[in-house]
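Quick caveat: nothing in here was measured; it's all calculated off a predicted structure.
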Amino acid sequence: MQTQALIIGGGITGAGIARDLSMRGVHSIIVEKLDINAGASGANHGLLHCGARYVSSDLALAEECRIEGNLLKRLAPQCIENTGGLFVAVQGDDEKYVADFPHLCAQSRIPVKALDLKNAREMEPALSDRTIAVYQVEDASIDPFKLSMENIFQACELGCTLLRNTEVIGFIKDNHNHRIQATRVLDNLTGKTFLIEAEQIINATGAWAGSVSKMAGVPIQMILSKGSLLVTHNRITQRVVNRLRPYSNAYILVPGGTVSILGTTSIRIDDLEDIRPTVQEMDVIVGEGAKMLPVLEKIRYIRAYAGVRPLVGSPSDENDRGASRAFALIDYENHGLKNFVTITGGKLTTYRLMAEKTADLVCRRLGVTIPCPTKTVPLPSAQAARWTEPGLAPRIWMKHHEPEDVLICECEMVPKSTVDCIIESIHLQNGQADLRAIGVRSRIGKGACQGTICGIRLLAHLYNKGELNSDQGLISLREFLRERWRGVRPLLWDMPLIQAEMQEALYCGLCGLELYSDTTET
């Protein structure tokens, strides 16, 4: 295969770069070893930062978040719930930090308003009685899956090619001309390898950026910081609630549709192939979060998950919390490599700016003079990308549906017609529909039962449609349920424990399917 730009990584950064380049007339191919948002882009808290979190540590990043957050609210409103946010201090928090907060926000021109405690509790009744200060800011929540899919859909409409389940395994270098001549990739479904020749290669693999750049012979130093989060059964607050203190564990609760997401931790790791939340992290998150919102001690949680922050810096640095969250764009020309670039670090909020700066560099090398269009052109809504929105499928289905349009997922009320729409969209991008791919693009498996009931229903539907053959379905079902189990395992108390017993009885007892053969998961 040949292209002008090869983008390695199908997270939000790669998706944003593909859209930007496509709108400038540059042909690109995205290769992703799993599926869209398989890394940090699909394992964050979905916060659209107003910048206030960084006013005491990184004023430049704070201002970037303010500018980009406001841009996204205007250009991609369909992906955003403009919740607003609160910064809350409780008894025992650093009162000097609390007092300095509004002045620090003013330095970055971030709007902030001090609230009377009585009014604050009327706005958010779940706030602790031990609250001593509350400031109102312009945070919001954003759907990272919808955002990535809509960027990719527009890029593909303009000529980009998305290759899922396609992994970079090496580079063929032309040392005489200081270029990468071809990229060797592996199709993880067929086991076949092939080459992609690209004029420019963009490493947008997040936490894996160090591994990919090492294959190219230009390693970079990375800090890999795991952060774990918890999903509540229902929505706790209407607004984003931040703990008003320096970086620490369990400092934020983000409402997302019908649930809330609580986190996060920061733990240095070395192994990117085994990223999972732990019981110890859940204890810390619940204990610390309850100091801000006491209801968090007693509510029901349905899932935990973990992602890895790709922080640029020396692994010898002791404090991950102190490492910069700003992005790094590395061009390697000083290292004798003229057609390779790495973009890593950064925030979900600043993805568009990261894509712009990367596309500017690539376009200069290609001789393309068209300016960045994404600052002013709204992100189009994609029909097939809308099904990640909580509550959308039931609203449409309950208004009108055919008798045979039965529900596949009862927890999130996802009907057969929605699944068929998602399957069609996967085909349009030359992909194969399986349980995990449909789960990424919808609410299936994200409800209280975590795939216990909808897993087998979805499997049957895919077999009936001829999407899966032979033992493909059992392999897909096992992978789907193991992924859900990874997030349920740290929560095995009360209702999640009952749910897990039911899942084991159904799939292991009745169906004879071995789900937990990996001793690290038992």
Side-chain angles (χ1 to χ4, degrees), residues 1-32 36-37 41 64 67-68 70-72 74-79 146-163 168 179-180 182-183 196-206 209 212 327-333 337-382 385 428-430:
M1 300 180 71
Q2 293 182 328
T3 184
Q4 288 176 283
L6 172 63
I7 303 165
I8 307 170
I12 185 56
T13 305
I17 294 168
R19 178 189 179 227
D20 192 315
L21 289 174
S22 295
M23 293 178 74
R24 302 193 206 197
V26 176
H27 181 267
S28 64
I29 294 174
I30 306 175
V31 293
E32 164 57 51
I36 60 169
N37 281 14
S41 297
E64 277 181 5
I67 295 169
E68 289 299 310
N70 287 333
L71 267 177
L72 289 177
R74 180 165 55 85
L75 299 175
Q78 72 275 17
C79 299
K146 187 178 180 118
L147 188 67
S148 288
M149 282 193 286
E150 292 192 339
N151 273 272
I152 287 176
F153 269 107
Q154 186 179 17
C156 289
E157 285 178 354
L158 296 172
C160 174
T161 301
L162 171 65
L163 300 178
V168 171
R179 300 175 62 83
I180 291 174
T183 302
I196 300 175
E197 294 182 359
E199 295 177 55
Q200 293 292 321
I201 299 163
I202 303 161
N203 175 16
T205 53
V212 173
F327 66 86
L329 177 60
I330 308 169
D331 66 16
Y332 300 107
E333 290 193 19
L337 196 55
K338 296 180 179 179
N339 68 334
F340 186 80
V341 60
T342 289
I343 177 72
T344 191
K347 307 294 297 180
L348 175 65
T349 302
T350 60
Y351 92 91
R352 192 214 62 82
L353 179 63
M354 295 168 67
E356 176 188 341
K357 298 301 183 184
T358 307
D360 283 347
L361 172 59
V362 169
C363 285
R364 281 198 302 272
R365 291 178 172 180
L366 293 173
V368 175
T369 59
I370 299 171
C372 174
T374 62
K375 281 183 183 177
T376 55
V377 179
L379 178 66
S381 295
L428 288 174
Q429 294 180 342
N430 301 312

Considering residues at least two apart in sequence or located in another chain, which fulfil the side-chain contact (heavy atoms from CB on, under 4.5 Å) criterion with N430? none
Knowing that exactly one of I30, I196, N203 qualifies, which makes a side-chain contact (heavy atoms from CB on, under 4.5 Å) with L6? I196
Validation row: N37, L147 side chains within 4.5 angstrom (heavy atoms): no
T374 to C372 - nearest heavy-atom pair and separation: OG1-SG, 3.2 Å
How close do L75 and T376 get, counting heavy atoms only, and between which atoms? CD2-O, 3.6 Å
Counting C-beta onward and ignoring hydrogens, is there a side-chain heavy-atom pair between S381 and E150 closer than 4.5 Å? yes
Under 3.5 Å, side chain of Q200 to main-chain N/O of A5, donor-acceptor pair present? no
If you look at every heavy atom in A385 and K146, which pair is closest and at what distance? O-CG, 3.6 Å
With E333, which residues qualify under side-chain contact (heavy atoms from CB on, under 4.5 Å), at least two apart? D331, R365
Applying ring pair (Phe, Tyr, Trp, His ring centres under 6.0 Å) to F153 and not counting sequence neighbours gives none
Could you tell me the separation between the CD1 atom of I152 and the CD1 atom of I36, rounded to the nearest 0.5 Å? 5.0 Å
Euclidean distance, S28 OG relative to I201 CD1, rounded to 0.5 Å: 13.0 Å
Could you pull out the closest heavy-atom pair between M354 and G345, with the gap in Å? CE-O, 3.2 Å
Distance (rounded to the nearest 0.5 Å) between I202 CD1 and T358 OG1: 6.5 Å
Once you round to the nearest 0.5 Å, how far does CG of L158 lie from CE of M23? 7.5 Å
How long is the span from the CG atom in L71 to the OG1 atom in T349, to the nearest 0.5 Å? 12.0 Å
Considering all heavy atoms of both residues, which atom of A198 and which atom of N339 are nearest to each other, and what is their separation? O-ND2, 3.8 Å
If we ignore angles and hydrogens, is there a donor and acceptor under 3.5 Å between the side chains of T342 and Y332? yes
Across all chains, not counting sequence neighbours, the side-chain contact (heavy atoms from CB on, under 4.5 Å) partners of E157 are none
Could you tell me whether the side chain of I370 reaches within less than 4.5 Å of the side chain of C363, counting heavy atoms only? no
Only pairs at least two apart or in different chains count here, so list each ring-ring contact (aromatic ring centres under 6.0 Å, His included) that has a residue in residues 2-23. none
Heavy atoms of Q4 and G25 approach each other most closely as OE1-O, 3.9 Å
Against E68, only a single residue in K347, K375, K357, R352 fulfils salt bridge (charged side-chain N to carboxylate O under 4.0 Å, His left out); can you say which? R352
Straight-line distance of T205 OG1 to E32 CD, nearest 0.5 Å: 9.5 Å
Please list, one pair per line, the donor and acceptor atoms closer than 3.5 Å that link side chains of residues 7-22 to other protein atoms, with sequence neighbours excluded.
residue	atom	partner	partner atom	Å
R19	NE	Q154	OE1	2.5
R19	NH2	Q154	OE1	3.4
R19	NH2	V377	O	3.1
R19	NH2	P378	O	3.2
D20	OD1	R24	NE	2.6
D20	OD1	R24	NH2	3.1
S22	OG	A18	O	2.8

